[in-house]
Amino acid sequence: MKRLQTNLEKKSKQLKLSASAAKAFSSDEEVNSSLATPKKFTSFLSLESSMKDEKIQVFKNEKFVCIKDKYPKAKIHFLLIPHGDTFPKLLKVADIIKLPKSVEILKEMKDISDKIINDKFPDDLKKKALCGFHSIQSMQPLHMHIISSDFQSDCLKNKKHWNSFNTDYFIKLGDLIQNLEEENDYFKSDKFNLNKQDLLKKYMDLPLKCNVCHVEQKNLPTLKRHILTHK
DNA sequence: GTTCTAGAAC
DNA sequence: GTTCTAGAAC
Ligand SMILES: Nc1ncnc2c1ncn2[C@@H]1O[C@H](COP(=O)(O)O)[C@@H](O)[C@H]1O
Ligand SMILES: [Zn+2]
């Protein structure tokens, strides 16, 4: 599979073709070998192997594991993930909301994340810590972001990255617990309707705004330069 | 989710 | 010419 990719890359570079055009040059043999070892479409959307990697584990107990985000979008960026036999399969934030014990579980995650922030964040970033979920998440299983709101990272590369943490697309842990204990409308209100993916995706198109002074910035490179002025 | 890059925007 | 975005492929 790797060799096929390399070959296609070479061909497309030599011929200045698009990847799809280069594919037309691949032999039957190569096509067959790629079919013989079918890769699950979702394999690159799974956190499972990282969760098992002790080198990137920050915290672990019977119910939860916390790992370093592989592509950190800020100086400190962890993921807190329910694991083990305690919970049913949890793929997205709606799955946890629907559990009878959702508030209890989320409060447990709050306690653990508070401890992780206290133990692992440098002092100057402790008060900048954010905890929460992407309302549509790409990776599975369900995971909560624990991130420092400096957002200074080479891995933060596009508008979606920014808006996924800096609009209501980001469901803060504290807001979620409060909502579940009070209004309980995460599936009803337009703002947070987790059943309406189209509405949630619109958050990605909102203009880029500084998270400190809220001034709009014309593009991502400008925004990244701007946030450095708040140091 | 990331990478790569064509084509738009400047 | 260079910077930036967005969409295809993985
Ligand atoms: N293999 C991986 N191991 C650890 N973190 C990852 C991996 N792949 C992606 N990520 C991070 O997982 C997060 C998934 O984001 P989301 O699914 O939108 O909540 C992102 O912050 C990615 O940087
Ligand atoms: Zn600002």
Participant: Heavy atom of residues 63-81 of chain A under 4.0 Å from DNA chain B: which residues?
Facilitator: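 Heavy-atom cutoff 4.0 Å gives A/Y71, A/K73.
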Participant: Can you list everything that forms a salt bridge (charged side-chain N to carboxylate O under 4.0 Å, His left out) with A/D111? Sequence neighbours excluded, please.
Facilitator: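 Counting only residues at least two positions away or on another chain, A/D111 forms no salt bridge (charged side-chain N to carboxylate O under 4.0 Å, His left out).
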Participant: Tell me whether A/K107 is salt-bridged to A/E181, with the criterion being a basic N under 4.0 Å from an acidic carboxylate O.
Facilitator: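 A salt bridge is present here (some side-chain N lies under 4.0 Å from a carboxylate O).
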Participant: Among residues at least two apart in sequence or on other chains, which ones pass side-chain contact (heavy atoms from CB on, under 4.5 Å) with A/Y71?
Facilitator: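 Partners of A/Y71 by the side-chain contact (heavy atoms from CB on, under 4.5 Å) criterion, ordered by chain and then number, come out as A/D69, A/K73, A/C155.
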Participant: With sequence neighbours excluded, what pairs up with A/N211 under the side-chain contact (heavy atoms from CB on, under 4.5 Å) test?
Facilitator: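 Expected list: A/S149, A/F151, A/W162, A/N166, A/I227.
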Participant: Residues in salt bridge (charged side-chain N to carboxylate O under 4.0 Å, His left out) with A/D168, at least two apart?
Facilitator: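 So A/D168 forms a salt bridge (charged side-chain N to carboxylate O under 4.0 Å, His left out) with A/K191.
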Participant: Listing request: all side-chain hydrogen bond (donor to acceptor under 3.5 Å, both in side chains) pairs with a residue in residues 197-208 of chain A, at least two apart in sequence or in separate chains.
Facilitator: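 Listed once each, the pairs would be none.
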Participant: By ring-ring contact (aromatic ring centres under 6.0 Å, His included), which residues pair with A/H214, not counting sequence neighbours?
Facilitator: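 A/H214 satisfies ring-ring contact (aromatic ring centres under 6.0 Å, His included) with no other residue.
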Participant: Rounding to an integer number of Å, can you tell me how far A/M204 CE sits from C/dA6 P?
Facilitator: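 Value for this atom pair: 13 Å.
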Participant: Find the distance A/F44:CZ to C/dA9:C1' and express it as a whole number of Å.
Facilitator: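 Value for this atom pair: 8 Å.
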Participant: Could you tell me the separation between the NZ atom of A/K201 and the P atom of C/dA6, rounded to a whole number of Å?
Facilitator: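 Those two atoms, NZ and P, are 16 Å apart.
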Participant: Expected output is a numbered-order residue list: members of residues 141-172 of chain A with a heavy atom under 4.0 Å from any atom of DNA chain B. What is it?
Facilitator: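 Here the set is A/K157, A/K160, A/H161.
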Participant: A/N195: which residues meet the side-chain contact (heavy atoms from CB on, under 4.5 Å) condition with it, sequence neighbours left out?
Facilitator: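 If we apply the side-chain contact (heavy atoms from CB on, under 4.5 Å) test to A/N195, skipping adjacent residues, the hits are A/F187, A/N193.
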Participant: Who passes ring-ring contact (aromatic ring centres under 6.0 Å, His included) against A/F170, sequence neighbours left out?
Facilitator: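 If we apply the ring-ring contact (aromatic ring centres under 6.0 Å, His included) test to A/F170, skipping adjacent residues, the hits are A/F165.
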Participant: Name every residue in residues 208-224 of chain A that has at least one heavy atom under 4.0 Å from any atom of DNA chain C, in order of residue number, or write none if there are no such residues.
Facilitator: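 Output list: A/N219, A/L220, A/P221.
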Participant: Got a sec, which residues hit salt bridge (charged side-chain N to carboxylate O under 4.0 Å, His left out) with A/K52, two or more places apart in sequence or on another chain?
Facilitator: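 A/K52: no salt bridge (charged side-chain N to carboxylate O under 4.0 Å, His left out) contacts found.
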